[in-house]
Amino acid sequence: MVDIHDKKTRSRNMSAIKSTDSKPEKLLRKALFAKGYRFRKNVKTLPGTPDIVLAKYRTCILVHGCFWHMHENCHLFKLPSTRKEFWKAKLLENRSRDMTAQSELLAQGWKVIIVWECSLKGKNKLSLLDVTERLEEFLTVPRVHARALEIR
Ligand SMILES: [Zn+2]
């Protein structure tokens, strides 16, 4: 698909949104750190470059931006009204990449937590305390009982 006209603008937007310390991730890292958790961030050697890796708990946390990761039925996700087909194809590709990364992590013996952006920002956000408590609870559950958690 030819898209020279606003390529520059878009890549600027994308790099802004994809920046490694986007706000929801920052909040979450701060909260976990304050509770004494230690982790690595943006681990490129793992599938999907997890935002937060708690090696001690063999758990990866991926904070998903609702637009780029196509969070359906979410007020933060709306398919752009122009060039719909382009965006749909692009976002579906992102989503399939997410699925692949998640199953690869699980196959490598990791537990996986997906935290959607909307649980940390916007009109439906949860309290940071709620989110961290749910995370903590999941960390203590043996992997045989729960391998993946989604917070939205
Ligand atoms: Zn969302």
Side-chain angles (χ1 to χ4, degrees), residues 1 3 6-7 9-35 37 39-44 46-54 57-108 110-141 143 145-152:
M1 204 166 287
D3 183 43
D6 61 355
K7 209 170 187 175
T9 317
R10 203 179 58 245
S11 71
R12 204 183 314 127
N13 289 342
M14 283 176 77
S15 63
I17 289 161
K18 284 226 143 202
S19 81
T20 51
D21 276 318
S22 75
K23 209 179 159 212
E25 290 160 52
K26 237 181 181 167
L27 283 172
L28 198 56
R29 286 198 187 106
K30 263 192 162 166
L32 288 171
F33 193 85
K35 283 186 166 259
Y37 291 99
F39 45 80
R40 291 195 296 149
K41 57 179 192 174
N42 308 319
V43 180
K44 293 192 178 70
L46 286 173
T49 312
D51 300 287
I52 300 171
V53 175
L54 295 143
Y57 299 90
R58 193 90 189 148
T59 298
C60 295
I61 303 177
L62 295 99
V63 181
H64 278 358
C66 295
F67 177 72
W68 293 104
H69 296 268
M70 213 178 181
H71 197 197
E72 280 170 308
N73 304 315
C74 168
H75 74 288
L76 297 181
F77 172 72
K78 192 174 180 286
L79 207 55
S81 53
T82 57
R83 296 157 65 240
K84 266 200 157 116
E85 289 311 308
F86 166 83
W87 283 109
K88 201 169 176 187
K90 166 150 201 67
L91 296 174
L92 282 171
E93 203 180 292
N94 287 354
R95 180 151 75 184
S96 101
R97 220 180 2 246
D98 289 343
M99 301 285 184
T100 306
Q102 188 169 341
S103 52
E104 281 173 7
L105 286 171
L106 291 171
Q108 289 180 24
W110 292 91
K111 297 207 290 183
V112 176
I113 304 175
I114 306 294
V115 179
W116 287 98
E117 176 188 20
C118 55
S119 64
L120 296 167
K121 102 175 213 197
K123 63 177 182 185
N124 295 333
K125 72 175 176 192
L126 310 167
S127 81
L128 193 52
L129 188 68
D130 278 352
V131 174
T132 45
E133 275 177 357
R134 283 171 68 183
L135 292 179
E136 284 191 282
E137 202 182 301
F138 178 78
L139 292 179
T140 61
V141 179
R143 195 172 171 275
H145 296 308
R147 302 196 307 158
L149 170 73
E150 204 174 326
I151 296 180
R152 69 163 297 175

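Throughout, numbering of the chain's residues begins at 1 and tracks the sequence. Note that ligands are numbered from 1 as they come in the structure, with each ligand's atoms numbered from 1 the same way.
At least one N, O or S atom of Cys66 sits under 2.8 Å from the Zn ion (ligand 1). The distance from the Zn ion (ligand 1) to the nearest N/O/S atom of His64 is not under 2.8 Å.
Leu62 places a side-chain heavy atom less than 4.5 Å from the side chain of His64. Considering only heavy atoms from C-beta on, Lys88 comes within 4.5 Å of Leu92 through its side chain.
Both the sub-6.0 Å distance and the 45° axial angle are satisfied by Arg58 relative to the ring of Trp110.
Geometry about the Zn ion (ligand 1) gives an angle of 110° between SG of Cys74 and ND1 of His71, rounded in steps of 10 degrees.
Atom CZ of Arg97 and atom NE2 of His69 lie 9.0 Å apart (nearest 0.5 Å).
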